[in-house]
Amino acid sequence: MTDYRFAPLAEQDSAPLYRQLYERVRGAIAAGSLGPGDRLPSARALAKELGVARGTIELAYSLLTSEGYLLARGQAGTVVNPHLQAQAAPMKPAPSPAPAAEDAPDSLWRPGQLLPFQMGVPALDAFPRKIWARLGARYLRGMQADDLDYPPAHGLPALRSAIASYLQVSRGIDCGAHQVFVTSGWPASLAFVAHAVLGAGQRAWVEDPGYPPARQILRQFGLEPVPVEVDEQGLKVEQGIALAADARVAVVTPAHQSPLSMTLSLPRRQALLDWASSSGAWVVEDDYDGEYRYSSRPLPALASLDRHGRVFYAGTFSKVLFPGIRLAYLVVPQAQVARFEQIGRALFAAATPRMTQALVADFIAEGHFTRHIQRMRRLYGERRTETIAALERGLAGCLKVEQSPGGMNLVLRLPGDASDRPLADHLLAHGMAVQALSRWWASSRRDSALLLSFTNCTSPEQAQHLGELIRQAL
Ligand SMILES: Cc1ncc(COP(=O)(O)O)c(C=O)c1O
């Protein structure tokens, strides 16, 4: 809806000006864009903004106050009545059950608020916010004039070397800090690669099913995504070669295939690297959640096997810290560093705040990062086991949860004739953000399954209820 503060009031409207403002504020409260306790602008400021007399605003406010929508708090200003909660909540629109996937191909629809079982979000309740606040306060207190300047083009040196050391130890990648380019997220990392080494009209292997935004970004750069199937060993490299041996890039999720979570097997890793080095193609390794493996130690990254400098390794802090941080990185082969420095300076330089980078560098250097990942691995292992058990209780044998060695989500295959989209929409209407696998397919093959995350699932009852809802719907 239009922001009630900024759209001018209409003089020629049949309703008087105070009444128009009254309706706007009431509408904003009903729609939830003004919530209980929210402060309204002072009558004087709003009158100036809207170009009307102060008395007009005061009249609208007093009417809203007399009807219980607003509360005048003297010096503290006018606020939306905090006790409106019970009335306002049902007026808020329920999350729309109509995902936009069909309207905008390959965009991943997500509800406006975090709902149970939503994919791709780490356990936000378990992030060490106190430590983060302490590091933040220390940084702010110690800030010097230099810290107000633009951050260095490719990332703070302290962060780039902290990432390089972490990758050496934890992901087996032999890289120097100068090969690490800090970005604002996976889309920026992929766009960086596309700008630097790819060109319009080229073909790109993408996993099928696979992370839809990757296809969308490739298309925006004029590349043609070629869907390549996955099986229990991950990407079918042979099929990729048969379909498009001349592709210039393969975008893959080797640690846990997105969204099915299987691991790219060693023979397939080798075959992929052989294809890339013999045909001069690139591989983009999207290692978005490689740290989360429950039955054994995390596997080394694909980039650790790259002897010919064909792999761009893309990491993100969205899963190991939190997605709101918008911080990621790209590790480029040694021979590409100069090119990325040049391209990056013009297009991707200094794109993430200095303070965010400094805090993450400290978080890593002081050992919190490693501890946090270890804690999360344990916690996810527990939540995963509990969620599977509770879901299966609710499902009472009508479906089985697919087990995978790692990742952050579960897969529930549906019987051949059941369509996943109406079922996912039905569950969304019950406030559960379960996704339909068919929305992740790039080709016309569309096996039905439900995808859901366990990372934020703290209540087995909720998982059991989900299982029951699915059983009843089926
Ligand atoms: C497969 C995959 N890659 C990358 C990302 C991370 O992207 P970003 O760094 O933009 O948060 C996600 C997040 O959900 C993902 O699922």
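Counting convention: from 1, in listed order, for ligands and their atoms alike. Everything numeric in this text was worked out from a predicted model, so none of it was measured.
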Does the side chain of Met376 reach to within under 4.5 Å of the side chain of Leu321, using non-hydrogen atoms?
-> no
With heavy atoms and a 4.0 Å threshold, my read on which part of Tyr211 contacts ligand 1 is side chain
Give the numbers and elements of all ligand 1 atoms closer than 4.0 Å to a heavy atom of Pro187.
-> 10 (O)
Glu468 and Gln464: side chain donor to acceptor below 3.5 Å = yes
Numbered in order shown, the ligand 1 atoms found under 4.0 Å of a heavy atom of Trp186 are 4 (C), 6 (C), 7 (O), 8 (P), 9 (O), 10 (O)
Numbered atoms and elements of ligand 1 in range of Ser258, under 4.0 angstrom, heavy atoms = 1 (C)
Note: Tyr139 and Ala358 closest approach over all heavy atoms is CE1-CB, 3.4 Å
Answer yes if the ring centres of Phe369 and Tyr166 are under 6.0 angstrom apart, and no otherwise.
-> yes
Test item: Gln357 and Leu327 side chains (from C-beta on) under 4.5 Å apart, heavy atoms = yes
With Thr263 as reference, evaluate Arg293, Arg269, Gln233, Arg268 under the side-chain hydrogen bond (donor to acceptor under 3.5 Å, both in side chains) test and give the passing residue.
-> Arg293
Just which atoms of ligand 1 are under 4.0 Å from any heavy atom in Asp286?
-> 1 (C), 2 (C), 3 (N), 4 (C)
What residue and heavy atom of the protein are closest to atom 9 (O) of ligand 1, and at what distance?
-> Thr316 OG1, 2.8 Å
For Lys319, counting its heavy atoms only, list the atoms of ligand 1 lying under 4.0 Å from any of them.
-> 12 (C), 13 (C), 14 (O)
State the atoms of ligand 1, each with its element, that fall below the 4.0 Å cut-off from a heavy-atom position in Ser318.
-> 8 (P), 9 (O), 11 (O)
Distance filter under 4.0 Å to Arg326 heavy atoms, resulting ligand 1 atoms | 8 (P), 10 (O), 11 (O)
To the nearest 0.5 Å, tell me how far Thr316 OG1 sits from Tyr288 OH.
-> 11.5 Å
